[in-house]
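Numbers for residues simply follow the sequence, beginning at 1.
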Amino acid sequence: MKKMTGIFSALSMLIAVTCSKAAFTNLDFESYSGSGNDLLPGWERGTGDYLWPLIDQYPISTAGLGLVTVNGEYGQVPITGSYSLFFCPGTSASMPGVPTTVSIWQTDLVPLSASTISFTINGLGSASYAFNLGAQNLLANSPTLLPDGNWRYTTDISALAGQMATLSFSATDNDATWNRIDDIYFTAIPEPSTLALCLVGITGLLSTISLNKRVQGTRHKV
């Protein structure tokens with residue numbers, strides 16, 4: 001029985017690893033390193049851009065991007081979960097009146113089976129935005145209005161499947177604009193090779209179970 005459990009666990013782990021692939025990290029912004037200008041795990045940011053855990057700690061005269069918690073003020077709360085990313089490009093402290101850009105990005109391998117990428121945003125203001133995966137504009141398609149009043153953008157990125165690409169979000173403006181982004185995710189259809197490996201693992205597992213039962217049945221008869 002112990003052998004059976006060990007085999008089952010090993011094959012289950014093999015199937016899980018084979019049948020699932022992850023790309024990019026912290027796409028829901030739930031991982032936060034905890035203070036001041038620390039980077040969000042998995043993400044890089046523009047030089048001079050700041051990260052704040054609370055919106056009411058944000059000095060509106062300086063450009064920056066940050067996290068908003070459920071304690072955020074101005075009637076704004078995260079889209080879902082404990083955190084959302086907010087963009088607030090403001091007037092440059094050193095060059096008043098000059099539009100500033102805030103940005104965040106990461107580079108990784110797009111899953112081989114990826115078909116689309118989606119994200120939720122509470123709306124686009126007057127800022128100039130550049131949301132991209134590689135050369136793919138993530139704002140090219142009309143968004144879907146969600147029941148909670150937020151917007152969901154979905155873009156076909158199948159042409160980038162299996163390639164290294166940079167996922168980036170930036171906003172440029174000369175006035176503060178509060179926009180929250182959350183829940184970035186890829187959707188994928190497993191490629192034939194992955195499905196085949198999954199089936200092999202499942203078939204092997206079922207065969208092992210069947211063989212074990214037959215052996216036990218023979219022993220009982222003897």
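Closest heavy-atom contact between G46 and W105: N-CZ3, 3.4 Å. Shown here for M164 and T107, the closest heavy-atom pair between the two residues is CE-CG2, 4.0 Å. Across all their heavy atoms, S31 and P41 have their closest contact at O-CD, 3.3 Å. Here the closest heavy-atom approach between residue A171 and residue A127 is recorded as CB-CB, 4.4 Å. The two residues G149 and L145 come nearest to each other via the heavy atoms O-CD1, 3.7 Å.
In this pair, F24 and F186 present their aromatic rings parallel. The plane angle is below 30°, not in the 30 to 60° band. Below 30°, between 30° and 60°, or above 60°: for F119 and F169 the angle between ring planes is above 60°, a perpendicular geometry.
Between T120 and R152, the side chains place a donor N or O and an acceptor N or O closer than 3.5 Å (distance only, hydrogens not considered). Between the side chains of T154 and T116, no donor N or O sits under 3.5 Å from an acceptor N or O. Under the 3.5 Å distance criterion, with hydrogens and angles disregarded, a donor-acceptor pair is assigned to the side chains of T101 and T172.
In this structure, CG on L138 lies 6.0 Å from CG on L133, to the nearest 0.5 angstrom. In this structure, the separation between CG on D183 and CD1 on I121 is 12.5 Å, given to the nearest 0.5 Å. Atom CG of N26 is separated from atom CD1 of I104 by 8.0 Å, given to the nearest 0.5 angstrom. Between the CG atom in N137 and the CD1 atom in I157 there is a gap of 13.5 Å [rounded to 0.5 Å]. Taking CD1 of I184 as the start and OG of S118 as the end, the distance is 10.5 Å to the nearest 0.5 Å. Note: S103 OG to F87 CZ = 7.5 Å, rounded to the nearest 0.5 Å.
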Going through the checks in order, is the side-chain hydrogen bond (donor to acceptor under 3.5 Å, both in side chains) test met by N179 and Y129? CA-CA 11 Å; N179 298 107; Y129 298 93; 2.3 Å; yes

Audit row: R180, L85, side chain to side chain contact (heavy atoms under 4.5 Å, CB included) steps and yes/no: CA-CA 5 Å; R180 283 151 185 77; L85 177 73; over 6 Å; no

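The side-chain heavy atoms of Y153 and F131, taken from C-beta on, include no pair separated by under 4.5 Å. For the pair D108/L167, no side-chain contact is recorded, criterion being any heavy-atom separation below 4.5 Å from C-beta on. Residues L139 and L124 meet the side-chain proximity criterion, which asks for heavy atoms closer than 4.5 Å.
Put simply, the side chain of Q106 gets close to the backbone of T25: a donor and an acceptor are under 3.5 Å apart. Using a distance-only test at 3.5 Å, with no hydrogens or angles considered, no donor-acceptor pair links the side chain of S84 to the main chain of D182. For N122 (side chain) and N150 (main-chain N/O), no donor-acceptor pair under 3.5 Å exists by modelled atom type. Put simply, the side chain of Q163 gets close to the backbone of A159: a donor and an acceptor are under 3.5 Å apart. The main-chain N or O of Y83 is found under 3.5 Å from a side-chain atom of E30 such that the two form a donor-acceptor pair.
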